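Written out below as structure tokens is the structure these notes cover.
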Amino acid sequence: MKTAVCPGSFDPITMGHLDIISRASKLFGSVVVLVSVNAAKNAAFTLEERVALARKATEHLPNVRVDSFDGLLVDYLRGLGDCAIVKGLRAMSDFEYEFQMALANKKLYDGAETIFLAAGADHMYLSSSLVKQIAHFGGDISGFVPDTILEEIQRRLSPGR
Ligand code: PNS
């Protein structure tokens, strides 16, 4: 069965990401959470930290594994074989950016379709940036990130609080 690749910065992984990943794990034989580099963003967590957090957050999902790749997504996909890119769409504001990436990836590599899952109603507003801002000022991010990695994220993002 096809593999779903869920690419993203995951800086850090949120409940919104986890919702998409766990729903993809029911639709596909296996899922690769691909922690990638977005050249337009300065990450707060290192690639290794983001991978470790994503692993801990998804360890209860047996057909999900976490990998990282510092290169073009399509080059990773070429090495993987039969797969689809799965991404979450929150609102119209996501659409233009995600549509651009889907079309560019398709132009670069015809071998993988992009499939969008509608974000869960509880996660429409949620983003890694929001989590980072709230945590930075000592706000409560429980419910925004998986419980298993909550303390680690709080410690890292609001160390003095
Ligand atoms: O969570 P993000 O930051 O929206 O994810 C964007 C990401 C990391 C999936 C995208 O920037 C990406 O695919 N980066 C890898 C490099 C690449 O292939 N860039 C061209 C995308 S068309």
Side-chain angles (χ1 to χ4, degrees), residues 2-25 27-28 30-58 61 64-120 122-136 141 143-146 148-150 152-153 156-157:
K2 250 189 207 309
T3 298
V5 177
C6 297
S9 305
F10 302 107
D11 185 43
I13 191 166
T14 67
M15 288 304 286
H17 292 129
L18 191 56
D19 177 49
I20 298 295
I21 293 162
S22 76
R23 284 159 60 201
S25 77
L27 296 170
F28 289 83
S30 59
V31 175
V32 177
V33 177
L34 190 64
V35 183
S36 310
V37 175
N38 183 339
K41 288 182 183 170
N42 282 323
F45 292 86
T46 66
L47 196 62
E48 291 71 26
E49 287 173 323
R50 287 181 274 148
V51 167
L53 290 169
R55 286 216 170 109
K56 210 165 179 184
T58 57
L61 299 168
V64 174
R65 68 185 172 90
V66 179
D67 200 358
S68 65
F69 192 63
D70 184 1
L72 277 180
L73 173 61
V74 291
D75 288 335
Y76 184 88
L77 301 178
R78 271 194 197 97
L80 198 64
D82 195 20
C83 63
I85 302 165
V86 174
K87 298 212 79 181
L89 268 189
R90 285 166 300 190
M92 280 309 282
S93 51
D94 277 346
F95 183 79
E96 201 175 335
Y97 167 68
E98 294 295 347
F99 197 58
Q100 185 183 30
M101 274 198 291
L103 290 178
N105 284 326
K106 183 83 171 151
K107 178 81 177 162
L108 291 168
Y109 175 58
D110 199 24
E113 296 292 341
T114 298
I115 294 170
F116 293 111
L117 295 183
D122 292 349
H123 306 119
M124 288 297 258
Y125 64 93
L126 191 52
S127 70
S128 299
S129 310
L130 191 84
V131 165
K132 283 183 280 193
Q133 264 205 55
I134 295 170
H136 176 77
I141 55 165
F144 294 175
V145 296
T148 48
I149 56 173
L150 174 64
E152 217 165 320
I153 293 174
R156 217 13 206 80
L157 293 178

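Treat the numbers as computed from the prediction; the structure is a model and nothing was measured. We count ligands from 1, going down the list as the structure has it; atoms in each ligand are counted the same way.
For ligand 1, the atoms lying closer than 4.0 Å to a non-hydrogen atom of S36 are 8 (C). Those atoms of ligand 1 with a heavy atom of G71 less than 4.0 angstrom away are 15 (C), 16 (C). Listed by number with element, the atoms of ligand 1 under 4.0 angstrom from any heavy atom of L73 are 13 (O), 17 (C), 18 (O).
The ring-ring contact (aromatic ring centres under 6.0 Å, His included) check on F28 picks up nothing, with sequence neighbours excluded.
For ligand 1, the polar-atom distance check against L72 finds no nitrogen or oxygen pair separated by under 3.5 Å. Between E98 and ligand 1, not a single N/O pair is under 3.5 Å apart. Looking at ligand 1, you'll find an N or O of V37 within less than 3.5 Å of one of its N or O atoms.
With a 6.0 Å radius and a threshold of 12 heavy atoms from other residues, nucleotides or ligands, Y125 has its OH atom above the threshold.
Atom-to-atom distance recorded for L157:CG and H136:NE2 is 9.5 Å, nearest 0.5 angstrom. Going from atom CG of L150 over to atom CE of M15 covers 11.0 Å, rounded to the nearest 0.5 Å. Atom NZ of K56 and atom CD1 of I149 lie 8.5 Å apart (nearest 0.5 Å).
Distances from atom 5 (O) of ligand 1 to the heavy atoms of G8, G88, S127, C6 put G8 nearest. For the residues N105, N38, V74, the heavy atom positioned nearest atom 22 (S) of ligand 1 is part of N105.
No side-chain heavy atom of L61 sits less than 4.5 Å from a side-chain heavy atom of V31. Residues D11 and K132 have side chains in contact (heavy-atom distance under 4.5 Å, counting atoms from C-beta outward).
Proximity of K41 to ligand 1, defined as any heavy-atom pair under 4.0 Å, is confined to the side chain (atoms from C-beta onward). Residue contacts with ligand 1 for Y97 involve side-chain atoms from C-beta outward but no N, CA, C or O (heavy atoms, distance under 4.0 Å).
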Please determine whether side-chain contact (heavy atoms from CB on, under 4.5 Å) holds for the pair H17 and S128, giving the CA-CA distance in whole Å, both sets of side-chain angles, and the decisive distance to 0.1 Å.
CA-CA 9 Å; H17 292 129; S128 299; 3.3 Å; yes
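Scanning all protein heavy atoms for the shortest distance to atom 1 (O) of ligand 1 gives S9 N, 2.9 Å. Of the protein's non-hydrogen atoms, M101 SD, 3.8 Å is the one closest to atom 10 (C) of ligand 1.
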